[in-house]
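Let me begin by presenting the structure, written as structure tokens, before commenting on it.
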Amino acid sequence: MIEKKILEAAAKGIKQLYHQEIGPDKIGIEKTKKNIKGDFTLLIFPFAKFSRKSPETTAHEIGEFILESLSEIKEYNVIKGFLNISLKTDFWLDFISENAFRQEYGFHTLRMDSPVLIEYSSPNTNKPLHLGHIRNNLLGFSLSEIARANGRNVIKINLINDRGIHICKSMLAYQKWGANETPDSSGLKGDHLVGKYYVLFDQQNKMEIKDLMEKGLTEDEAAKQAPLILEAQEILRKWEARDKDIIQLWKTMNAWVYEGFRETYQSLGVDFDKIYYESETYLLGKKLVISGLEKGVLVRKEDGSIWADLREDGLDEKLLLRSDGTSVYMTQDLGSAQLRYTEYHPSEMIYVVGNEQNYHFDVLKRVLKKLNKGYADHIFHLSYGMVELPHGKMKSREGTVVDADDLIGEMIATAESTTRELGKANEFTEDEAKKLFRAIGLGALKYFILKVDPKKNMLFDPVESIDFNGNTGPFIQYTFARIQSLLKKGMDTGFSFQSFKVDDIFLLDQEKNLIKIIYQFPAIINEAWAELSPAVIANYSYELAKEYNQFYQEVPVLKEEEDRKIIFRLALSSFTGQVIQNAMKLLGIDVPEKM
RNA sequence: GGUCCCGUAGCUCAGUUGGAUAGAGCAACAGCCUUCUAAGCUGUGGGUCGCGCGUUCGAAUCGCGCCGGGAUCACCA
């Protein structure tokens, strides 16, 4: 790319002028600010030391050198220590000619090297998905797309948490009060039906605890002695002993939940290449821990429990195997990491998991390192912040969760009413209209979630967040739809891209700014991948769409223009549309042709 | 209390390896539909980048110390 050439020329210039070896990558380059003349800017301040001249003079000398050594450069100017370089119009015209009709502009072709594993979603099968899961799923899916665009062989993994005491709680409540209710008989989605019993368990359990406390027990004692908890624990024991009835119930209820999840995943447009079930993998880590004990990197205490001592790393001791020999969460994660490593030999293993588990992943990596597993260094925890509501946090017990299915439904309904109010759905068939409302509603939701830096906590106001104006998904979709409409009109009027050839066409400043933003796209995809942040793509898309809208405003009526100018503008519109489409693909957002 | 993360306009968020006058949207106000989609565009007002010190040509960005908010520190997952 041209930036590289400029940097190399600058490095050469510095060497020749001031006899200093500077790596091209050590020189600062950036896109020139909007209101200043130039395309790229070099930061010359640091080299004033070597030249022993003022930054201005130094910049002029280097600028002169680059101008002479690179044919692409038209001119340069200097402001303080900023060397602003303008490229020849031909450079930008060539760029347009070469790329304007490349469908996959910005995307690397697929290389089949060792895969990247991306785990996301990882739901529990005792309740439906909520807003927090939505952030997880969208991040995981988008990140997978970004990795693919960067040429990686991506395996999307879902590790389903289908066993444990929390699952037994909803099973118990169903046994007691379910009265053979099914999704069909109740009209409830399977995951919601199971979730109903999980909540019921919690309510009943709380009442029991309250009663016991009134009889004089402490809260801790009450929580441990409540009959329902004891019964749930009994179910867990039976489950582990493969009790026929319990296993049957477990299978039935999980099947309901999976059917419910399937629908929600489909709505969100996310999918997986490999599904692991914790019920099948939860016993795996033990061997790893035992071997660590034999190698002497782990320690056994008097009661028989096994620990990792991480105090030298500034952390605490961490339990890996209980005194009764059963495994804990960490044991399971060690096992599942080893499993997926031996199955795929990935170059990277990414886990999309909330930031409340930062400590867990820190420990996981350190323990794997102690066990001498080289892949520990290739584990990345994409830690994302919580989604907060205006009136505090989401707590399932207090009924303040925002349910994923409800939210999706509301987004679509709002998209529908807004679209109808604007009178935009009139020309659509019922089917087309339905598809459109889905695309817009989900586009708004996805963009809203993804545009925020993953590591930050974010605020979601269910009322105010449903907006289709300004920095939103629908704005970008709308821009795309208008471009398609413009292209169609152009074609109808008889312009053909067949004859598209840019040579001496004068570029307006406005257009050039748009072209420069498009030019950046491949670099943006890279950056998003390096930072594991779809937000980079989202914010870029908005900048592009906004710039295009300004450009669009300037485009005069087609028929009043001379032909080649029109063709150039149509080509530029087409190119912009292509880039918008590609960017939206990376975010998992559909772009309707018409809206 | 230990560790980690966050703090930018009234609100929600951008801000590239430290760079030029810190940017968008929402909300408020004023304009623009006889022409390719007004879910748009143009303009106005709105800032002690939490506070202080330091590093240097230059700090929202890096370092240290405070203040505020969050997460986590279970023989739970």
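In what follows, chains are A, B, ... by sequence order, proteins preceding strands, each numbered from 1.
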Side chain of [X] only, please: which of [options] is the nearest?
X: A:Phe475; options: B:rG40, B:rA20, B:rA77; result: B:rG40
X: A:Glu278; options: B:rA77, B:rA24, B:rA39; result: B:rA77
X: A:Thr418; options: B:rC76, B:rA39, B:rU21; result: B:rA39
X: A:Lys546; options: B:rC76, B:rG23, B:rU42; result: B:rU42
X: A:Phe468; options: B:rA39, B:rU12, B:rC76; result: B:rA39
X: A:Asp316; options: B:rC73, B:rG40, B:rG19; result: B:rC73
X: A:Ala481; options: B:rU37, B:rG25, B:rA20; result: B:rU37
X: A:Asn355; options: B:rA71, B:rA20, B:rG7; result: B:rA71
X: A:Asp467; options: B:rC26, B:rU12, B:rG70; result: B:rC26
X: A:Asn549; options: B:rC41, B:rU16, B:rA77; result: B:rC41

[N] phosphate, OP1 or OP2: any side-chain N/O from [X] under 4.0 angstrom?
X: A:Asn469; N: B:rG40; value: yes
X: A:Arg482; N: B:rA38; value: yes
X: A:Lys456; N: B:rG7; value: yes
X: A:Gln550; N: B:rU42; value: yes
X: A:Arg163; N: B:rA77; value: no

Determine the interatomic distance between [atom1] on [N] and the same-named atom on [M]; round to the nearest Å.
N: B:rA20; M: B:rA60; atom1: P; result: 9 Å
N: B:rC6; M: B:rC64; atom1: P; result: 14 Å
N: B:rG46; M: B:rC26; atom1: C1'; result: 13 Å
N: B:rG52; M: B:rC57; atom1: P; result: 23 Å
N: B:rA28; M: B:rC66; atom1: P; result: 43 Å
N: B:rC11; M: B:rG2; atom1: C1'; result: 35 Å
N: B:rG10; M: B:rG50; atom1: P; result: 13 Å
N: B:rC67; M: B:rA24; atom1: C1'; result: 29 Å

In whole angstroms, how far is the [atom2] atom of [N] from the [atom1] atom of [X]?
X: A:Glu531; N: B:rU16; atom1: CD; atom2: C1'; answer: 8 Å
X: A:Tyr542; N: B:rG15; atom1: OH; atom2: P; answer: 15 Å
X: A:Leu320; N: B:rA74; atom1: CG; atom2: C1'; answer: 14 Å
X: A:Phe45; N: B:rA59; atom1: CZ; atom2: P; answer: 12 Å
X: A:Leu315; N: B:rU3; atom1: CG; atom2: P; answer: 11 Å
X: A:Lys455; N: B:rC4; atom1: NZ; atom2: P; answer: 15 Å
X: A:Tyr447; N: B:rA39; atom1: OH; atom2: C1'; answer: 14 Å
X: A:Glu356; N: B:rU3; atom1: CD; atom2: P; answer: 21 Å

inquiry  = Between the side chains of A:Arg311 and A:Asp309, is the shortest nitrogen-to-carboxylate-oxygen separation below 4.0 Å, so that they form an ion pair?
reply    = yes
query = About how many Å separate CD of A:Glu388 and CG of A:Asn457, when rounded to the nearest 0.5 Å?
reply = 4.5 Å
message = With rounding to the nearest 0.5 angstrom, report the CZ to CD1 distance, A:Phe551 to A:Ile517.
response = 12.0 Å
Both distances under 3.5 Å, Watson-Crick or G-U wobble: report the partner of [N], or none.
N: B:rA24; answer: B:rU12
N: B:rA30; answer: B:rU42
N: B:rC36; answer: none
N: B:rC53; answer: B:rG63
N: B:rU17; answer: none
N: B:rG68; answer: B:rC6

Does [X] contact [N] through a side-chain donor or acceptor facing the base, at a distance under 3.5 Å?
X: A:Thr479; N: B:rA39; result: no
X: A:Lys424; N: B:rU37; result: yes
X: A:Thr41; N: B:rA20; result: yes

Looking across every strand, which nucleic acid part, if any, lies under 4.0 Å from [X] by heavy atom: base, sugar-phosphate, or nothing?
X: A:Leu459; value: sugar-phosphate
X: A:Leu487; value: nothing
X: A:Leu83; value: nothing
X: A:Met595; value: base
X: A:Tyr329; value: base

Answer whether the closest heavy-atom distance between the side chains of [X] and [Y] falls below 4.5 Å.
X: A:Leu514; Y: A:Ile518; value: yes
X: A:Leu321; Y: A:Leu298; value: no
X: A:Ile36; Y: A:Thr41; value: no

ask   = Does NZ or CZ of A:Arg135 fall inside the cone over A:Tyr384's six-membered ring, less than 6.0 Å from its centre and within 45° of the axis?
value = no
request  = Output yes when a side-chain donor or acceptor of A:Thr418 lies under 3.5 Å from a complementary backbone atom of A:Ala415, and no otherwise.
outcome  = no
note = On RNA chain B, more 5' by nearest nucleotide between A:Glu30 and A:Asn84 is A:Glu30
note = Heavy-atom nearest nucleotide on RNA chain B taken for A:Gln357 and for A:Asp362; more 5' hit belongs to A:Asp362
message = For the base of B:rA20 and the side-chain ring of A:Phe82, does the geometry meet a stacking cutoff of under 5.5 Å between centres and under 30° between planes?
response = yes
ask   = Has A:Tyr478 got its ring stacked on B:rG40, by the test of a centre gap below 5.5 Å and a plane angle below 30°?
value = no
message = Going by the glycosidic torsion and a 90 degree boundary from 0, is the base of B:rC33 oriented syn or anti?
response = syn
inquiry  = Counting only heavy atoms from other residues, nucleotides and ligands, does the tally under 6.0 Å from NZ of A:Lys435 exceed 12?
reply    = no
query = At their closest point, which heavy atom of A:Phe261 faces which heavy atom of A:Pro128, and how far apart are they?
reply = CE2-CA, 4.3 Å
